[in-house]
Amino acid sequence: SEEREIMTWDMFGQATRDLSQMVADDGYEPDMILSIARGGLLPGGAMGYALSIKNVYTMNVEFYTGIDERLDVPRILPPAPDFVDLSDGKILIVDDVADTGNTLKSVEEFCDGKVGEVRTAVLYEKSHSIVKCDYIWKRTDQWINFPWSDKPPVAAPHGFVPEA
Ligand code: 5GP
């Protein structure tokens with residue numbers, strides 16, 4: 001539908017506090033936060049502060065090219081994190097939204113066998129997601145406007161060549 005789920009910066013601040021509280025109340029103590037770039041960067045950073053976790057890493061996975069425009073499979077862009085010493089460790093994967101869930105699934109698969117325990121936290125989860133996240137702030141089936149990407153960029157992408 002045309003309806004949008006709008007997240008403001010104020011809501012983002014509250015949502016990351018709430019999500020962090022859920023993780024803490026659950027007694028989960030991650031050794032590392034893995035933010036999926038770019039959508040998970042701000043949530044993961046905010047949760048790193050709320051949960052007193054300095055070990056915040058990122059992994060760049062590309063799946064969407066626009067509203068409802070998807071690649072066939074998520075692409076993990078190098079460099080991928082290496083999880084030395086985390087075979088008995090716990091990580092918390094953080095992303096903005098589990099939509100199809102394909103992105104989170106590919107990251108979970110990447111972590112398989114390298115990390116002791118993997119849990120996932122998202123601001124939003126859609127009902128058709130193939131991954132059921134452990135910590136979810138809100139469920140929706142609408143397209144979400146996030147505060148970091150609801151305005152046009154101030155610059156064109158690097159290397160952009162306008163059509164003649
Ligand atoms: P996936 O379908 O793999 O779960 O979603 C991959 C990524 O697409 C998300 O992390 C997010 O960056 C982007 N995405 C999916 N659904 C939405 C949405 O409703 N709004 C926005 N702004 N991005 C979305």
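Bear in mind that the values here come from a model prediction, so they are computed numbers and not experimental data. Numbers here simply count residues along the sequence, with the first being 1. When a ligand or atom number is given, it counts from 1 through the structure's own listing order.
- A donor-acceptor pair shorter than 3.5 Å cannot be found between the side chains of Gln14 and Asp10.
- Using the six-membered ring where Trp is involved, Phe146 and Trp148 have ring planes that are parallel, under 30° apart on the 30 and 60° scheme.
- Taken from CD1 in Ile53 to CD1 in Ile33, the straight-line distance is 4.0 Å, to the nearest 0.5 Å.
- In the vicinity of Ile144, heavy-atom distances shorter than 4.0 Å reach the ligand 1 atoms 18 (C), 19 (O), 20 (N), 21 (C), 22 (N).
- Contact annotation: for Phe63 versus ligand 1, heavy atoms closer than 4.0 Å belong to the side chain alone.
- Counting heavy atoms of neighbouring residues, nucleotides and ligands inside a 6.0 Å radius, atom CD of Glu29 does not exceed 12 of them.
- Any N or O atom pair closer than 3.5 Å counts here, and Gly39 shares no such pair with ligand 1.
- Checking only distances, Ala98 never comes within under 3.5 Å of ligand 1, N or O to N or O.
- Counting heavy atoms closer than 4.0 Å to ligand 1, residue Phe146 contributes side-chain atoms (C-beta onward) but none from N, CA, C or O.
- Here is the list of ligand 1 atoms found below 4.0 Å of a heavy atom in Asp95: 10 (O).
- Not a single heavy atom of Arg38 sits closer than 4.0 Å to an atom of ligand 1.
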side-chain hydrogen bond (donor to acceptor under 3.5 Å, both in side chains) between Asp141 and His128, intermediate numbers included: CA-CA 8 Å; Asp141 285 322; His128 59 208; 5.5 Å; no
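- For the residue pair Arg119 / Tyr135, a side-chain donor-acceptor distance below 3.5 Å is found, with atom types taken as modelled.
- Residue Lys126 touches ligand 1 through its side chain alone, judged by heavy-atom distances below 4.0 Å.
- Near Thr100, meaning under 4.0 Å from one of its heavy atoms, ligand 1 places the atoms 1 (P), 2 (O), 3 (O), 4 (O).
- For ligand 1, the atoms lying closer than 4.0 Å to a non-hydrogen atom of Asp96 are 9 (C), 10 (O), 11 (C), 12 (O).
- Leu123 and Leu51 fall within the same hydrophobic cluster, where Ile, Leu, Val, Met, Phe, Trp and Tyr residues are linked whenever their side-chain heavy atoms come under 4.5 Å apart, directly or through other members.
- Ligand 1 has an N or O atom lying under 3.5 Å from an N or O atom of Thr103, backbone or side chain.
- Salt bridge annotation for Glu5-Lys138: present, with a cationic side-chain nitrogen under 4.0 angstrom from a carboxylate oxygen.
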